[in-house]
Amino acid sequence: MAYDHTDIEKKAREKWAGLDLYSTDLLDASRELYYLLVEFPYPSGDLHIGHWYAFAVTDIYARLLRARGKNVLFPIGFDAFGLPAENAAIKNGVDPKEWTYTNMERMREQLATMGASFDWSKEVVTCDPEYYHWTQWLFVKLFEHKLAERKEAAVKWCPKDQTVLANEQVQDGCCERCGTPIEEKWLTQWFFKITDYAERLLDGLETLPWRNEIKDAQRAWIGKSEGAKLKFKVQGVSDKEIEVFTTRPDTVFGATYVVLAPEHPLLSDVGFTKSYMNGEEVEKYVKATTKKTERERSENKEKTGVKLEGVVAINPATKEEIPIFIADYVLASYGTGAVMAVPAHDERDFEFAQTVIASETRSDPQSFIKLVVEPDLVVVKSWGREWINGKEISLLDEIRAGRYPYTGNGTLVNSGEFTGRNSEEVKWDIVKAAGGEKTTQYRLRDWLVSRQRYWGCPIPIAYNPEGKPHAIPPEHLPWLLPTDVDFLPKADPPSAGTPSKSPLASSKELKERVTKIFGEDWTPEYDTLDTFVDSSWYFLRYLDPKDSHNFSDTAFMKKWLPIDRYSGGAEHTTMHLLYSRFFIKALYDLALVPVDEPYAERFNRGIILGPDGQKMSKSKGNVVNPDEFVQNYGADAVRIYLAFIGPYNEPGSYPWNLDGVAAMRKFLERIVRLAERAHDTAEVPEAIQQALARASVKVVDDGDRFKFNTAVAALMILTNELEAFPALPKKALKQLIVMLAPFAPHLTEHVWEKLGGKGSVHQQLWPAATLAAVEEREVVVQVNGKRRGSLALATSTSESDAVIAARIIPAVVAALGGKEPVRVVYVPGKVLNLVVPR
RNA sequence: GGGCGAGUAGCCGAAUUGGUACAGGCGCAUGGCUUAGGACCAUGUCUCGCAAGAGGUGAGGGUUCGAGUCCCUCCUCGCCCACCA
């Protein structure tokens with residue numbers, strides 16, 4: 001029986017299609033329901049190794065679950081809006097829609113060659129009006145409940161893609177998509193109020209059984225910090241005050257100046273700007289910093305800033321007059337965009353005092369360093385010595401001399417009535433005394449969802465003549481993406497208050513549509529939605545993608561949610577995963593979905609490296625093309641290899657071994673040969689039954705843990721064991737084939753037929769594992785923890801009987817050296833340790 | 001700089017709760033079969049040792065009858081965040 005994989009795979013797929021094997025009957029509750037989700041792909045055009053790793057391996061689990069009698073929903077679709085389609089349009093003049101749909105067609109065919117058992121009848125395509133109709137409907141719901149709102153804020157801008165980006169989409173100060181250094185702008189944009197849910201997003205993590213890496217990454221991203229808002233009155237301009245956020249209000253007595261971010265709103269407040277004399281210099285600095293990319297701002301270690309001349313703020317604790325600066329080390333987008341500077345107790349403020357203050361005020365920077373917290377002597381004792389400038393000096397002396405910022409807690413000094421108290425203990429009393437209020441800040445920013453791009457879901461909003469946004473009424477949804485549009489991005493970035501330069505602004509049809517519905521002087525929203533909005537709810541739509549009355553079916557949602565297991569990439573931890581958790585929580589509050597966490601389990605898979613152990617990249621020339629291997633060795637060999645390459649339950653990185661797929665091919669060929677010599681014997685020998693049962697249990701356990709590497713190893717061991725039997729019953733071999741079927745769906749279908757199996761191998765139930773209660777197990781006998789022999793003992797053997805048996809072993813007798821054990825440690829079935837005095 | 005994770009053979013990796021360290025695969029070696037084979041089969045493959053045995057999971061220490069697994073210090077690598085007040 002030759003193994004012609006091309007022919008075998010083609011025939012197997014035709015057979016499955018004929019039997020309609022993978023359509024899920026959502027109403028069939030006679031079996032246990034299981035919703036297995038894998039992140040849907042972007043239709044980039046070609047299936048690469050990452051796609052195979054994502055879909056083929058998750059498919060193994062879908063098939064395992066079905067074999068175990070579960071009613072499995074394993075859907076697929078396309079995250080089809082997005083920048084690459086539009087960029088292709090700009091570059092090659094093709095219609096983004098055509099580009100996208102052509103790619104999807106190709107990818108459907110390619111996905112089929114994997115042997116993936118997706119239920120295509122529930123396919124979801126986010127750029128179909130039937131889908132984005134409901135994205136828009138959900139947007140309107142959020143808008144009506146003030147969870148979607150327009151506001152002015154410091155936002156990230158990509159000068160190449162000509163669009164704003166969400167905070168999460170900036171990596172290393174660069175645009176996630178194109179790598180261009182991003183700029184910060186102050187703009188009016190649409191936001192989802194994810195910060196309202198910060199606390200609940202944190203709470204929800206407590207009960208989720210996800211791996212800690214994922215939960216910790218989300219916690220870090222949300223970045224909760226407890227602190228206080230304090231108000232610094234501006235002297236001379238009575239109604240102005242500068243509000244700062246600090247996590248260390250206990251150091252307020254040491255605040256010797258205040259710093260505003262260059263984008264701080266006060267700097268565009270006429271009442272305030274006329275209060276200082278060096279307006280020109282300030283404006284120059286502001287302009288210079290806003291021009292800088294975020295990367296330039298953070299890479300430049302040297303701090304810069306300008307003092308506002310002729311105006312001072314009042315420290316609310318000391319009532320002293322202190323200078324005001326602007327400096328770009330203060331972020332406009334965090335806290336209040338202003339900080340109180342305590343150079344004695346904050347490294348950044350200390351550095352600023354050493355450099356900028358020295359040059360800006362012509363006074364001794366030391367006069368700004370006011371010690372208010374002294375390290376407790378206990379602390380100093382344990383780490384109190386440091387080498388500074390090559391000399392060993394008491395750190396306490398350095399701190400007292402103002403030559404070293406001390407950022408820990410300790411005893412307050414120079415702090416009025418609080419002097420002598422513990423800084424941590426009186427922190428909140430100081431807030432009260434200074435007239436401030438306790439607040440919690442989050443690193444998480446509201447989710448910016450507007451994009452100045454064409455190929456996205458149109459935001460279903462129109463503006464009245466006063467510029468107030470109104471939702472497009474439901475009867476006009478889907479709010480279609482116009483086609484009479486010039487995609488080319490406009491050169492100038494938008495600025496606050498100016499009309500949008502988005503591609504949609506060039507559509508006459510869109511404007512006419514708005515005029516017709518709302519009247520003259522009304523204008524459409526020209527921005528489109530971030531594609532992460534599309535993907536925040538797609539898994540709800542899978543339940544009934546053709547429903548034209550609802551975004552999803554309530555009865556189905558009650559049955560099938562939450563998703564049992566979600567398989568995806570680690571790169572989505574702080575983006576998609578966080579966004580969709582927020583989205584579901586918001587919809588839960590609006591009573592639209594029955595659960596407030598979407599995913600019961602989440603598994604982040606790893607990545608496949610090139611054969612050289614480096615990340616695959618065209619420039620390194622180490623890209624592995626899966627098609628080549630599929631052609632030479634078959635899809636099944638590639639599937640098994642990917643399952644075998646490493647544990648799927650942790651986001652490690654695994655180098656592609658050039659001989660690996662060939663090895664799996666050899667394994668499959670051994671299976672074929674094994675099938676050829678199987679007999680119609682009626683009885684399956686006990687030893688074979690046990691080998692089958694061991695594999696059956698192991699594969700199920702490992703599968704549930706997403707450890708397909710050891711599951712494959714178990715099947716290899718089983719194959720080795722079966723090969724050793726001269727007479728192989730077909731019955732036994734069929735069980736091996738059923739267990740191998742999830743991994744190698746095509747070949748096993750072929751072999752199943754050859755063995756005379758009925759129907760499809762994929763309709764067979766998992767072999768019941770009747771592991772004989774093993775009476776005897778090998779027990780290791782140790783003397784003082786050293787292995788001295790072993791015994792085959794029933795698990796029911798008592799400790800004293802075990803000791804008697806052990807004391808007959810010569811090596812044990814020798815090791816005991818005539819001494820009596822003073823202690824015996826006996827773990828039945830595992831170990832017997834005799835402890836003697838040394 | 002901060003957070004998280006990981007270091008086991010020539011390579012990828014096994015080792016559910018602390019209980020025989022290195023399963024399975026690759027690679028390599030020897031032999032068989034063969035006109036030949038990069039096919040297939042068999043055997044071997046952590047180190048030292050003829051053997052009995054001893055040592056061995058990045059380094060050092062600790063807890064324990066017993067540590068790859070737990071604790072402390074350090075080193076290296078990876079990922080994420082990064083002037084977040």
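- Across residues 436-447 of chain A, A/R443, A/R445 each have a non-hydrogen atom less than 4.0 Å from an atom of RNA chain B (numbered order).
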Are any protein N/O atoms closer than 3.5 Å to N/O atoms in nucleotides 15-19 of chain B? If there are, list each pair with its distance.
residue : atom : partner : partner atom : Å
B/A15   : OP2  : A/K707  : NZ           : 3.0
B/U17   : O4   : A/K830  : NZ           : 3.4
B/G19   : N2   : A/Q782  : OE1          : 3.2

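- Evaluation of the ring pair (Phe, Tyr, Trp, His ring centres under 6.0 Å) rule for A/F706 yields A/Y61, A/F603, A/Y648, A/F708 as partners, not counting sequence neighbours.
- Side-chain contact, A/E424 with A/N409: a donor N or O sits under 3.5 Å from an acceptor N or O.
- Side-chain atoms of A/R581 and A/Q218 form a donor-acceptor pair, as typed in the model, at a separation below 3.5 Å.
- Here A/W221 pairs with A/E168 under the side-chain hydrogen bond (donor to acceptor under 3.5 Å, both in side chains) rule; sequence neighbours left out.
- For A/K707, the side chain to side chain contact (heavy atoms under 4.5 Å, CB included) partners are A/P647, A/N649, A/D702, A/R705, A/N709, A/T710, not counting sequence neighbours.
- A/N212 has no side-chain polar atom (N or O) that falls below the 4.0 Å cut-off from OP1 or OP2 of B/C4.
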Which parts of nucleotides 43-52 of chain B does protein reach within less than 4.0 Å, heavy atoms only, written one letter per nucleotide 5' to 3' as B for base, S for sugar-phosphate only and - for none?
----------

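- Checked options A/L578, A/N604, A/D216; the residue passing with A/T573 is A/N604 (criterion: side-chain contact (heavy atoms from CB on, under 4.5 Å)).
- For residues 255-266 of chain A, the pairs satisfying salt bridge (charged side-chain N to carboxylate O under 4.0 Å, His left out) are A/E263-A/R297, with sequence neighbours left out.
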Show me, pair by pair, the donor-acceptor contacts under 3.5 angstrom made by side chains of residues 821-835 of chain A, not counting sequence neighbours?
residue : atom : partner : partner atom : Å
A/Y826  : OH   : A/T797  : O            : 3.1
A/N833  : OD1  : A/N784  : N            : 3.4
A/N833  : OD1  : A/G785  : N            : 3.0

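- At distances below 3.5 Å, at least one donor-acceptor pair connects side-chain atoms of A/H345 with backbone N or O atoms of A/V373.
- Checked for salt-bridge contact, A/R807 and A/E820 meet the test: a charged N lies under 4.0 Å from a carboxylate O.
- For the side chain to side chain contact (heavy atoms under 4.5 Å, CB included) test, residues two or more places apart in sequence or in another chain that qualify with A/A54 are A/R605.
- Nearest heavy-atom pair across A/P365 and A/A353 is CB-O, 3.3 Å.
- Going from the C1' atom of B/G25 to that of B/A14 covers 11 Å, rounded to whole Å.
- Here the shortest heavy-atom pairing between A/W210 and A/K215 reads O-CE, 3.5 Å.
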Tell me, what's RNA chain B's dot-bracket, Watson-Crick or G-U with both distances under 3.5 Å, | for other-strand, [ ] crossing?
(((((((..(((......[....)))((((((.......))))))(((....)))..(((((..]....))))))))))))....

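- Under the side chain to side chain contact (heavy atoms under 4.5 Å, CB included) criterion, A/A198 pairs with A/I222, A/Y442, A/L444, not counting sequence neighbours.
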Measure all distances between protein nitrogen or oxygen atoms and nitrogen or oxygen atoms of nucleotides 38-40 of chain B, and list the pairs falling under 3.5 Å.
residue : atom : partner : partner atom : Å
B/A39   : OP1  : A/K666  : NZ           : 3.4
B/C40   : O3'  : A/R673  : NH2          : 3.4

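- A side-chain donor-acceptor contact under 3.5 Å links A/R445 and A/S333.
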